[in-house]
Amino acid sequence: MSTSNSSKKTTRRKLLNLLQLKKSWFRKVIKGIWILFFCVILGVPVFVLAVSVDLFGLFGGMPSLREIENPENDLSSELISADGVSLGKYFTYNRSQVTYDQLSKDLVSTLLYSEDHRFYDHAGLDFQAYLRVLYGILTFNTSQGGGSTITQQLAKNLYTQNQEMGLDGSLAKFMGGKLQRPIQKIKEWIISVHLEKNFTKEEIIALYLNTAPFSSNAYGIKVAAKTYFNTQPDSLNLVESAVLVGMLQAPTRFNPKLNYDNSFRKRNEVLTKVYKHGYIGTFEAYDSLIKLPIDLEYKVESHNEGLATYFRSVIKTDLMAWCKAHNYDLEESGLRIYTTIDSRMQRYAEEAVAESMKSLQKDFDRAWKGRNPWIDDDKHEIKGFLESRIKQTASYRQLASKYGKDSDSLKYFLNLKRPMRIFTWNGERDTTFSYMDSLNYYKRFLRAGFMSMDALTGEVKAWVGDIN
């Protein structure tokens, strides 16, 4: 009997200990949940406030309310002929503005259904999307898409994409990499709320498309439409719109010229979203659209293309001086510069020079075949000609300043081959040249000069120079 009672007491004691252990564990879990809850409830607002006021200068400054209300979007400046034709642009980023009314219905609908279908229902922050992202993280399923609204992406384009965090010293090394993205996100949230207060939904859509990069030196929807499809934003159809909207997530990766297969798949993903939201009426219509190839009319605008390229280069010096005196930036202020050049006369002049120069260049190349054309008065080749001329270039001066005039590094980089686009009489082509190769190549071209002027007014009507 005593043994049985003792055994029961031991069992009861073990059960009590187990219950106490479970209660203790349960209490710790509940306590942990409450601590986590209060940390989130109190910590997140405090952290957001610290970022918004740039506490102790740790997070980098925020744009002022005035800057948010009046966002600056760097714009290319355009040179206009006397008859109203664009002669070309000066730009750091090739960008031109459009208004909401200049966007096609297909483009706007594709953007909204693909990127932010609750755009008209939120005030800059989409909390349903955040819950979806959180669920995806907890279930290790990141294929559900991101949570950024169009307004947040606009905030990123305008203010936070290239902004430094303001951290320095050991703190930057310890925290910078881990906290940079969360801090940037919080800034985007704050700026998004201010953008929604100061702009209509339609203005935000236009601003976003005007500031988005589209690869191939195309910034903004107007230049992108011209670069890839040779059209205007108000004429973009559903398939073209899906290609460009697909590029918003990764412009180079989904560039239809550089990565056609990636772009094709992404375009069809966008069209699928558009179809699921009911914008494409029937499955048959959707099925036919996703089978269409991407029909490009691809042409990248550059400083070396279009009419009056030499005139543009020559007049740039005077324009830079004028801009400096009047506090403008030629490449980012969106100026329209009117000239006396007549685009029709300019085109005829360039065609006449090109026709003559092609023939003359062939004769020149034939006459100097196998020999270098740099000779002295006694018809002897000038020794060290290229080596002396390279010293007059900006590339040489930059490298010499960095590595020293007599360093091996200077010689190495002058002869290092790199991708380069060069002029030929059959159009520009890509090649691999060093700085010395490039100098050697261009020193074998004949140069020309042509100028036409109205004798009564002194107005210059056509100006051709340099190689072509």
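Bear in mind that the values here come from a model prediction, so they are computed numbers and not experimental data. Only this structure's heavy atoms are used, side chains among them; waters, hydrogens and symmetry mates stay out. Numbering of residues begins at 1 and proceeds along the displayed sequence.
Between Ile150 and Leu112 the shortest side-chain heavy-atom distance falls below 4.5 Å. The shortest distance between side-chain heavy atoms of Trp374 and Arg444 falls below 4.5 Å. Looking at heavy atoms from C-beta onward, Ser104 lies in side-chain contact with Ser241 at the 4.5 angstrom threshold. Phe254 is not listed as a side-chain neighbour of Val245, based on a closest heavy-atom distance of 4.5 Å or more. For the pair Arg366 and Asp363, the minimum side-chain heavy-atom distance is below 4.5 Å. With contacts defined as side-chain heavy-atom distances shorter than 4.5 Å, the pair Tyr396/Lys405 qualifies. Two residues are said to be in side-chain contact when any heavy atoms from C-beta on lie closer than 4.5 Å; Asp365 and Lys362 fail this criterion. Side-chain contact between Gln232 and Val98 is absent, with no heavy atoms from C-beta onward closer than 4.5 Å.
Judged by distance alone, the side chains of Thr272 and Tyr286 do bring a donor and an acceptor atom under 3.5 Å apart. For the residue pair Gln102 / Thr99, a side-chain donor-acceptor distance below 3.5 Å is found, with atom types taken as modelled. Side-chain contact of Asn255 with Thr252: a donor-acceptor pair under 3.5 Å is absent, judged by distance alone.
Ser81 places a side-chain N or O within 3.5 Å of a backbone atom of Val85 that can act as its donor or acceptor partner. Of the possible polar contacts, one joining the Asn237 side chain to the Val239 backbone as a donor-acceptor pair under 3.5 Å is found. A donor-acceptor pair is defined here as one N or O able to donate and one able to accept, closer than 3.5 Å; no such pair exists between the side chain of Ser359 and the backbone of Glu355. Side-chain atoms of Lys299 never come within 3.5 Å of backbone atoms of Asn230 as a donor-acceptor pair (strictly under, hydrogens ignored). No donor-acceptor pair under 3.5 Å is formed between the side chain of Ser333 and the backbone N or O of Leu330. Panel note: side chain Thr432, backbone Arg418; no donor-acceptor pair is recorded below 3.5 Å. Distance alone, capped at 3.5 Å, places no donor-acceptor pair between the Gln152 side chain and the Trp189 backbone. One N or O on the side chain of Arg312 and one on the backbone of Leu307 form a donor-acceptor pair closer than 3.5 Å.
Gln97 CD to Leu207 CG: the interatomic distance, rounded to the nearest 0.5 Å, is 7.0 Å. To the nearest 0.5 Å, the span separating CG on Leu209 from CD on Gln153 amounts to 10.0 Å. Interatomic distance, OH of Tyr90 versus CD1 of Ile337, reported as 6.0 Å (0.5 Å rounding). Atom CG of Leu335 sits about 11.0 Å away from atom CG of Leu79, to the nearest 0.5 Å. In this structure, CD1 in Ile221 is found 12.5 Å from CD1 in Ile205, a value given to the nearest 0.5 Å. The OG1 atom of Thr340 lies 10.0 Å from the CE atom of Met345; values are rounded to the nearest 0.5 Å.
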Open item on the list: Run Thr227 and Phe214 through side-chain contact (heavy atoms from CB on, under 4.5 Å) and show every step you take.
Closed with: CA-CA 9 Å; Thr227 299; Phe214 288 92; over 6 Å; no
TODO: Given salt bridge (Lys or Arg N to Asp or Glu O under 4.0 Å), test Arg347 with Glu350 step by step and report yes or no.
DONE: CA-CA 5 Å; Arg347 184 173 288 107; Glu350 291 184 8; over 6 Å; no
Open item on the list: Is there a side-chain contact (heavy atoms from CB on, under 4.5 Å) between Glu115 and Gln249? Walk through the geometry before answering.
Closed with: CA-CA 9 Å; Glu115 296 294 305; Gln249 293 183 10; 3.5 Å; yes
TODO: For side-chain contact (heavy atoms from CB on, under 4.5 Å), just list the numbers for Tyr310 and Val464, CA-CA rounded to whole Å, side-chain angles, deciding distance to a tenth of an Å, and then say yes or no.
DONE: CA-CA 6 Å; Tyr310 183 71; Val464 185; 6.0 Å; no
Task: Pair Leu244-Phe229, side-chain contact (heavy atoms from CB on, under 4.5 Å): steps then yes or no - done: CA-CA 10 Å; Leu244 296 178; Phe229 301 109; 4.0 Å; yes
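Using cut-offs of 30° and 60° for the angle between ring planes, the Tyr442 and Phe445 rings count as tilted. Taking the six-membered ring where the residue is Trp, Trp425 and Phe423 present perpendicular rings, their angle passing 60° and hence far from 30°. By the 30° and 60° cut-offs, the orientation of the rings of Tyr228 relative to Tyr298 is tilted. Taking the six-membered ring where the residue is Trp, Tyr403 and Phe413 present parallel rings, their angle staying beneath 30° rather than reaching 60°. Ring orientation note: the planes of Tyr113 and Tyr279 are tilted relative to one another, at an angle of 30° to 60°.
In this structure, Lys461 pairs ionically with Glu459, as a charged nitrogen and a carboxylate oxygen lie closer than 4.0 Å. Ion pairing between Arg265 and Asp261 fails under the 4.0 Å rule for side-chain N and carboxylate O. Classification of Lys89 and Glu78 as a salt-bridged pair fails, no side-chain N sitting under 4.0 Å from a carboxylate O.
Across all their heavy atoms, Ile390 and Leu439 have their closest contact at N-CD2, 3.6 Å. The nearest pair of heavy atoms linking Thr151 to Ile204 is OG1-CG2, 4.0 Å. The nearest pair of heavy atoms linking Met420 to Ser434 is CE-O, 4.2 Å. Taking every heavy atom of both residues into account, Tyr275 and Ile280 meet most closely at CD1-O, 3.7 Å. Taking each heavy atom of Pro251 and Pro213 in turn, the nearest pair found is CG-O, 3.5 Å. Leu289 and Arg267 make their closest contact through O-NH2, 3.4 Å (heavy atoms, listed as atom of the first residue, atom of the second, distance).
In the displayed structure, Asp376 atom CG is contacted under 6.0 Å by more than 12 heavy atoms of other residues, nucleotides or ligands. Within a 6.0 Å radius of CZ in Phe385, more than 12 heavy atoms belonging to other residues, nucleotides or ligands are found. Heavy-atom contacts from other residues, nucleotides or ligands closer than 6.0 Å to CG of Asp430 number more than 12. Under a cut-off of 6.0 angstrom, the local environment of OH in Tyr412 is sparse, with at most 12 non-hydrogen atoms contributed by other residues, nucleotides or ligands. By the neighbour-count criterion of 12 heavy atoms within 6.0 Å, atom CE of Met436 is densely surrounded, having more than that number from other residues, nucleotides or ligands. Atom CG of Asp83 has more than 12 neighbouring heavy atoms from other residues, nucleotides or ligands inside a 6.0 Å radius. Within 6.0 Å of the CD atom in Glu202, the count of heavy atoms belonging to other residues, nucleotides or ligands exceeds 12.
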